[in-house]
Enquirer: 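This is the structure I have questions about; it appears just below.
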Amino acid sequence: MKLYNTMSRKVEDFKPIEDHKVGMYCCGPTVYNFAHIGNLRTYVFEDILRRTLEKNGYKVKHVMNITDVGHLTGDGDDGEDKLEKRSRETGKSVWDIAAFYTEAFMKDTASLNIKRPTVICKATDHIKEMIDLVKSLEDGGHTYISGGNVYFSIDTIDDYGKLAKLNLDELKAGARISVDDNKRNPKDFVLWFTNGKFKDQVMVWPSPWGVGYPGWHIECSAMSMKYLGRHFDIHCGGIDAIPVHHTNEIAQSEAATGEKPWVNYWCHGEFLINDKGKMSKSSGEFLTLSVLVDHGYDPLDYRYFCLTGHYRSQLKFSYEALDHAKSARQSLNDKVASLKKEASPASSFSEKACGYRQEFFDAMSNDLHAPQALAVLWSMLKDEEVPDDQKLALLLDMDSILGLNLDKVEVKKEESIPQNVLDLVNERAEAKKNKDFKRSDEIRDRLASMGWSVKDTPQGPVVAKIL
RNA sequence: GGAGUCGUACCCAAGUGGCCUAAGGGGACGGUCUGCAAAACCGUUUUUUCAUCGGUUCGAAUCCGAUCGACUCCUCCA
């Protein structure tokens, strides 16, 4: 299995720390609003990664956090906690907001057939771990207190910014960052806030530095290490996390444990963009999964759409492109349904079928080349030398990674057709027999308006619900 | 201001020095079938063409340079 590692900027052979096991941490949502489809693209990518690892024989421990505190609207101490802000705007409690959007997120990811992480952990349940981590950083001399907050001093380590390949001198020179007088270095970041800028802050906890709340970055370090150990295999997220969030996680984690590297492989998903650029929560309008559903798309249409592009390339979203994915998936489902009707999955494969299978999994195992894998799938479907029962078995096997729920595709059952529809179909057949085509077409139109299609095949008329 | 990515046929999108006279999907069109349709199947849309102009090379969509255009990051962001 090969994976692109952001740290080395190269595709590397994946080697786990422990044989046949993988520890994988994925940055989860900040639950102050709905996830938009751009956010969800990243979770689809992480799901594909997990499924591919599992297909390669690894037992994956997949940990994802829920950020329900500490994520500010701005850097330093000039921002407001996103949940507190939302609470102020809506009049609901921060806890209600967190619970509501966590629930919405879990619903979205479930409908996209994203496997539930092995561990889902909330930041507010791990305040103690965070405080302990900050304490050990303090003991190691990596912190200072200024303006009431505990800061991490990046000048106490010699490789800050290695993931993003930051050039600290240039950053300082061309700084667009507003200068924070509390910071010794503009890139220093807060580990623990006690600065009571917002007096009515609800989410606060006692700490050795006073009552307050944690900085955003510390939660991922504290929770990932709690569940995966001080050194683990894979850390995922969106590319935007590279220069700040992941950079700071590495800094504080490696400073706290003294172990390097903290994480072996850094994997990042590219953005979904539209004609105006990336979708952003902070710039107003954004598309959620439920908007797509309201437009008549199945969440899996969006999942298929994600699979048509490589995870490290920007993907352009448009309803036109989503329509293509919807059509392709529909056609795939139809094929699966007709295969299921003809055959049951084969238990052994011909050499030819094995070739396709190998090609498919090679594409996925080579840094998740899903578009190529899909091409293999379609070629296999068209190949007459592969018998139907083997095609079906192969499709179901491939779907263990694709996650398009092909196993749940049902052969259409005739008995679910209402009697009045069947009566009309019979009446039409009679009219056709008498060559009364005007009448038969009228009935076909009427059936269509009732939501039923009728197709004439050599075996007689076939009725189906129009979706 | 600094750093970086990308520009592939009607649309989306793989491919990143020679099996490329460029995967796959979608759409459109044509054919088979049908009373007509739909569905299905077959074919065409794709012979030097991969933003443009130069260069390197025996050979480039793939490497280098310039130009134009799009995007991302350096600020919260998946």
Side-chain angles (χ1 to χ4, degrees), chain A residues 9 26-30 32-33 35-46 71-76 78-80 82 85 161 164-167 169-178 186-187 216 236-245 268-283 286 304-305 307-310 312-318 320-332 334-335 338 363 369-379 381-382 384 432 435-438 440-441 444-445 448 453-458 461-462 464 466:
Chain A
R9 307 288 159 106
C26 300
C27 286
T30 300
Y32 69 106
N33 204 336
H36 66 240
I37 57 174
N39 297 314
L40 293 170
R41 182 188 181 199
T42 299
Y43 298 102
V44 170
F45 140 63
E46 289 160 355
H71 196 164
L72 304 192
T73 55
D75 191 28
D78 54 351
E80 188 178 0
K82 288 186 172 182
K85 179 168 182 248
K165 307 212 181 297
L166 298 181
N167 182 327
D169 296 335
E170 283 182 14
L171 277 174
K172 259 189 232 174
R176 266 170 55 191
I177 315 157
S178 60
K187 297 300 282 182
W216 175 39
C236 298
I239 43 150
D240 57 309
I242 298 169
V244 179
H245 184 51
H268 294 95
E270 250 291 358
F271 279 134
L272 180 78
I273 60 169
N274 56 31
D275 51 357
K276 292 191 189 88
K278 72 164 180 171
M279 229 167 261
S280 162
K281 279 190 190 173
S282 49
S283 69
F286 61 84
Y304 188 99
F305 169 75
L307 291 169
T308 63
H310 186 78
R312 282 194 285 116
S313 297
Q314 290 182 347
L315 185 61
K316 267 180 272 179
F317 178 84
S318 65
E320 194 190 357
L322 187 60
D323 282 338
H324 299 169
K326 183 187 165 89
S327 299
R329 195 179 75 87
Q330 184 60 54
S331 152
L332 180 59
D334 288 348
K335 288 218 161 59
S338 83
H369 277 56
Q372 284 185 329
L374 277 179
V376 174
L377 179 151
W378 285 104
S379 312
L381 269 180
K382 273 200 249 173
E384 290 173 9
K432 262 169 66 82
K435 302 223 182 289
D436 184 357
F437 299 124
K438 187 163 173 276
S440 72
D441 287 349
R444 186 165 62 197
D445 289 344
S453 72
V454 57
K455 298 162 190 170
D456 297 318
T457 71
V462 172
I466 297 166

Enquirer: Going by heavy atoms in the side chains, are A:D240 and A:F271 under 4.5 Å from each other?
Expert: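 Touching, per the 4.5 Å side-chain cut-off.
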
Enquirer: Regarding A:K382, tell me which of base, sugar-phosphate or nothing describes its non-hydrogen contacts under 4.0 Å with the strands shown.
Expert: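 The residue A:K382 makes sugar-phosphate contact but no base contact.
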
Enquirer: What does A:G38 touch in the nucleic acid at a heavy-atom separation under 4.0 angstrom: a base, only the sugar-phosphate, or nothing?
Expert: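 Contact class for A:G38: base.
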
Enquirer: Is there a side-chain contact (heavy atoms from CB on, under 4.5 Å) between A:S313 and A:E270 once you walk through the steps?
Expert: CA-CA 6 Å; A:S313 297; A:E270 250 291 358; 5.6 Å; no

Enquirer: Would you mind pulling out the nucleotide paired to B:G17, Watson-Crick or G-U wobble, both distances under 3.5 Å?
Expert: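 Its partner is none (no Watson-Crick or G-U wobble pair with both distances under 3.5 Å).
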
Enquirer: Base, sugar-phosphate alone, or nothing: which one does A:V454 contact when heavy atoms must sit under 4.0 Å apart?
Expert: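 Here A:V454 touches the bases of the nucleic acid.
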
Enquirer: With a 4.5 Å limit on heavy-atom distance, are the side chains of A:P29 and A:Y43 in contact?
Expert: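 They are in contact (side-chain heavy atoms under 4.5 Å apart), so the answer is yes.
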
Enquirer: Base, sugar-phosphate, or nothing: which does A:H245 touch, judged by heavy atoms less than 4.0 Å apart?
Expert: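 Touches nothing.
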
Enquirer: When you compare B:U16 with B:A23, how far apart are their C1' atoms, in angstrom units rounded to a whole number?
Expert: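 To the nearest whole Å, 14 Å.
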
Enquirer: Would you call A:P461 and A:K455 a side-chain contact if the rule is heavy atoms closer than 4.5 Å?
Expert: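 Heavy-atom side-chain distance check fails, nothing below 4.5 Å.
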
Enquirer: Could you check whether A:P371 gets within reach of a base, just the sugar-phosphate, or nothing at all, counting any heavy atom under 4.0 Å?
Expert: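 Base, at least one base atom sits under 4.0 Å.
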
Enquirer: Between A:G238 and A:A321, which is nearer to the 5' end of RNA chain B once each is assigned its nearest nucleotide?
Expert: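 Per heavy-atom nearest nucleotide, the more 5' residue is A:A321.
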
Enquirer: Whole Å only: how far is the CD atom of A:Q372 from the C1' atom of B:G15?
Expert: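 It is 7 Å, rounded to the nearest whole Å.
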
Enquirer: Think A:K187 has a side-chain N or O under 4.0 angstrom from the OP1 or OP2 of B:U75?
Expert: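 For A:K187, the contact criterion (side-chain N or O under 4.0 Å from OP1 or OP2 of B:U75) is met.
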
Enquirer: Calculate, to the nearest 0.5 Å, the distance between atoms CZ and CZ belonging to A:F45 and A:R312 respectively.
Expert: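 Here the interatomic distance stands at 9.5 Å.
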
Enquirer: Does B:U34 pair with anything, Watson-Crick or G-U wobble, both distances under 3.5 Å, and if so, with which nucleotide?
Expert: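 For B:U34, the partner nucleotide comes out as none, under the 3.5 Å rule.
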
Enquirer: What distance, rounded to whole Å, do you find between the two C1' atoms, one in B:A39 and one in B:G31?
Expert: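 Looking at atom C1' only, B:A39 and B:G31 are 16 Å apart.
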
Enquirer: When the P atoms of B:G15 and B:C77 are considered, how many whole Å apart are they?
Expert: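 Between the two P atoms, the distance is 30 Å.
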
Enquirer: In whole Å, I'd like the distance from the OH atom of A:Y304 to the C1' atom of B:G25.
Expert: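 Rounded to the whole Å, the gap is 5 Å.
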
Enquirer: By nearest atom, which of the nucleotides B:A14, B:C76, B:G24 is closest to the A:A375 side chain?
Expert: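 So the nucleotide nearest the side chain must be B:G24.
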
Enquirer: Who does B:U56 pair with, Watson-Crick or G-U, both distances under 3.5 Å?
Expert: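 Matched B:U56 with nothing under the 3.5 Å cut-off.
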
Enquirer: Do side-chain atoms of A:R444 reach the backbone of A:V454 as a donor and acceptor pair under 3.5 angstrom?
Expert: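 Here the side-chain-to-backbone pair does not exist.
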
Enquirer: Is the shortest side-chain N/O distance from A:S379 to OP1 or OP2 of B:A23 below 4.0 Å?
Expert: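 Checking A:S379 against B:A23: no side-chain N or O falls below 4.0 Å of OP1 or OP2.
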
Enquirer: Is B:G7 paired to anything, Watson-Crick or G-U wobble with both distances less than 3.5 Å, and if yes, which nucleotide?
Expert: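 Because both required distances fall under 3.5 Å, B:G7 counts as paired with B:C68.
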
Enquirer: Measure CD/A:E320 against P/B:C12 and give the value in whole Å, please.
Expert: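 My rounded result for the distance is 7 Å.
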
Enquirer: Show the numbers, then the answer: is there a side-chain contact (heavy atoms from CB on, under 4.5 Å) between A:R9 and A:K165?
Expert: CA-CA 10 Å; A:R9 307 288 159 106; A:K165 307 212 181 297; 3.8 Å; yes

Enquirer: Have a look at A:S327 and say if it touches a base, only the backbone sugar-phosphate, or nothing, with a 4.0 Å heavy-atom cut-off.
Expert: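 Sugar-phosphate, no base atom in range.
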
Enquirer: Under 3.5 Å between N/O atoms: give me all the protein pairs with nucleotides 29-35 of chain B, atom names plus distance.
Expert:
residue: B:G35; atom: N7; partner: A:K432; partner atom: NZ; Å: 3.3
residue: B:G35; atom: N1; partner: A:D441; partner atom: OD1; Å: 3.1
residue: B:G35; atom: N2; partner: A:D441; partner atom: OD2; Å: 2.9

Enquirer: For A:K82, report the nucleic acid contact type (base, sugar-phosphate, nothing); a contact means any heavy atom under 4.0 Å.
Expert: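 It contacts sugar-phosphate atoms only.
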
Enquirer: B:A60 and B:C71: how far apart are their P atoms, nearest whole angstrom?
Expert: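 The answer is 32 Å between these two P atoms.
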
Enquirer: Whole angstroms only, please: what is the CZ-C1' distance between A:R312 and B:G4?
Expert: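 Going from A:R312 (CZ) to B:G4 (C1'), I get 14 Å.
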
Enquirer: Is there a side-chain contact between A:W216 and A:H245 in this structure, where contact means two heavy atoms from C-beta onward sitting under 4.5 Å apart?
Expert: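 Yes - at least one pair of side-chain heavy atoms lies under 4.5 Å apart.
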
Enquirer: To the closest 0.5 Å, what do you measure between CG (A:L381) and CG (A:L332)?
Expert: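 It comes to 6.5 Å.
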
Enquirer: Taking for each residue the nucleotide of RNA chain B bearing the nearest heavy atom, is the 5' side occupied by A:I273 or by A:W216?
Expert: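 In this pair, the answer is A:I273.
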
Enquirer: Rounding to an integer number of Å, can you tell me how far A:L315 CG sits from B:A78 P?
Expert: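 Rounding to the nearest Å, CG of A:L315 and P of B:A78 are 18 Å apart.
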
Enquirer: Under the 3.5 angstrom rule, does the side chain of A:S327 hit a backbone N or O of A:D323 as a donor-acceptor pair?
Expert: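 At least one qualifying donor-acceptor pair exists.
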
Enquirer: Which nucleotide, in any strand shown, forms a Watson-Crick or G-U wobble pair with B:A39, with both distances under 3.5 Å?
Expert: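 Check on B:A39: unpaired, no WC or wobble geometry under 3.5 Å.
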
Enquirer: Which is true for A:L272 with a 4.0 Å heavy-atom rule: it touches a base, it touches only sugar-phosphate, or it touches nothing?
Expert: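 Base contact - A:L272 has a heavy atom under 4.0 Å of at least one base atom.
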
Enquirer: Can you classify the ring geometry of A:F317 versus A:F305 as parallel (below 30°), tilted (30 to 60°) or perpendicular (above 60°)?
Expert: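 Because their plane-to-plane angle is over 60°, the rings of A:F317 and A:F305 count as perpendicular.
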
Enquirer: Could you go through the side-chain contact (heavy atoms from CB on, under 4.5 Å) check for A:T42 and A:H268 one step at a time?
Expert: CA-CA 8 Å; A:T42 299; A:H268 294 95; over 6 Å; no

Enquirer: Taking side chain as C-beta onward, heavy atoms only, is A:I37 less than 4.5 Å from A:L272?
Expert: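 Of all side-chain heavy-atom pairs linking A:L272 with A:I37, at least one is under 4.5 Å.
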
Enquirer: Identify the nucleotide, in any strand shown, that forms a Watson-Crick or G-U wobble pair with B:U47, with both distances under 3.5 Å; if there is none, say none.
Expert: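 Partner of B:U47: none found under 3.5 Å.
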
Enquirer: Test for a donor-acceptor pair under 3.5 Å between the base of B:G27 and the side chain of A:H324, counting only N and O atoms.
Expert: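 When only heavy-atom distances are counted, A:H324 does not reach the base of B:G27 through any donor-acceptor pair under 3.5 Å.
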
Enquirer: Within less than 4.0 Å of OP1 or OP2 of B:A13, is there a side-chain N or O belonging to A:K316?
Expert: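 So the side chain of A:K316 is within the cut-off, an N or O lying under 4.0 Å from OP1 or OP2 of B:A13.
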
Enquirer: Remember a base hit wins even if backbone is also touched, and classify A:H310 as base, sugar-phosphate or nothing at under 4.0 Å, heavy atoms.
Expert: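 Touches sugar-phosphate only.
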
Enquirer: Mind checking the C1' distance from B:G30 to B:C68? Whole angstroms is fine.
Expert: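 It works out to 39 Å between them.
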
Enquirer: Could you give the CD-to-P distance, from A:E270 to B:C6, as a whole number of Å?
Expert: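 Computing the A:E270:CD to B:C6:P distance gives 10 Å.
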
Enquirer: Could you check how far CH2 of A:W378 sits from P of B:C41, rounded to whole Å?
Expert: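 About 9 Å, once rounded to whole Å.
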
Enquirer: According to the Watson-Crick and G-U wobble definitions, with both distances under 3.5 Å, which nucleotide is paired to B:C76?
Expert: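 Looking at the geometry, B:C76 pairs with no nucleotide.
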
Enquirer: With a 3.5 Å limit on both atom pairs, tell me what B:G24 is paired to, counting Watson-Crick and G-U wobble, or say none.
Expert: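 Here B:G24 is engaged in a pair, and the nucleotide opposite it is B:C12.
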
Enquirer: B:C53 and B:A61: how far apart are their C1' atoms, nearest whole angstrom?
Expert: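 To the nearest whole Å, 16 Å.
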
Enquirer: Between B:A66 and B:U5, how many Å separate the two P atoms, rounded to a whole number?
Expert: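 My reading of the P atoms in B:A66 and B:U5 gives 14 Å.
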
Enquirer: When the P atoms of B:G4 and B:A9 are compared, how many Å lie between them, rounded to an integer?
Expert: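 That atom pair is separated by 28 Å.
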
Enquirer: Atom CD of A:Q330 and atom CG of A:D334: how far apart are they, to the nearest 0.5 Å?
Expert: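 Between atom CD of A:Q330 and atom CG of A:D334 there are 4.5 Å.
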
Enquirer: List, with names and distances, any nitrogen or oxygen atoms from the protein found under 3.5 Å away from nitrogen or oxygen atoms belonging to nucleotides 20-22 of chain B.
Expert:
none

Enquirer: Could you tell me how far apart A:F317 (CZ) and B:U72 (P) are, to the nearest whole angstrom?
Expert: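 These atoms are roughly 17 Å apart.
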
Enquirer: Side-chain N or O of A:S313 versus OP1/OP2 of B:A14: is the shortest distance under 4.0 Å?
Expert: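 For B:A14, OP1 or OP2 has a side-chain N or O of A:S313 closer than 4.0 Å.
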
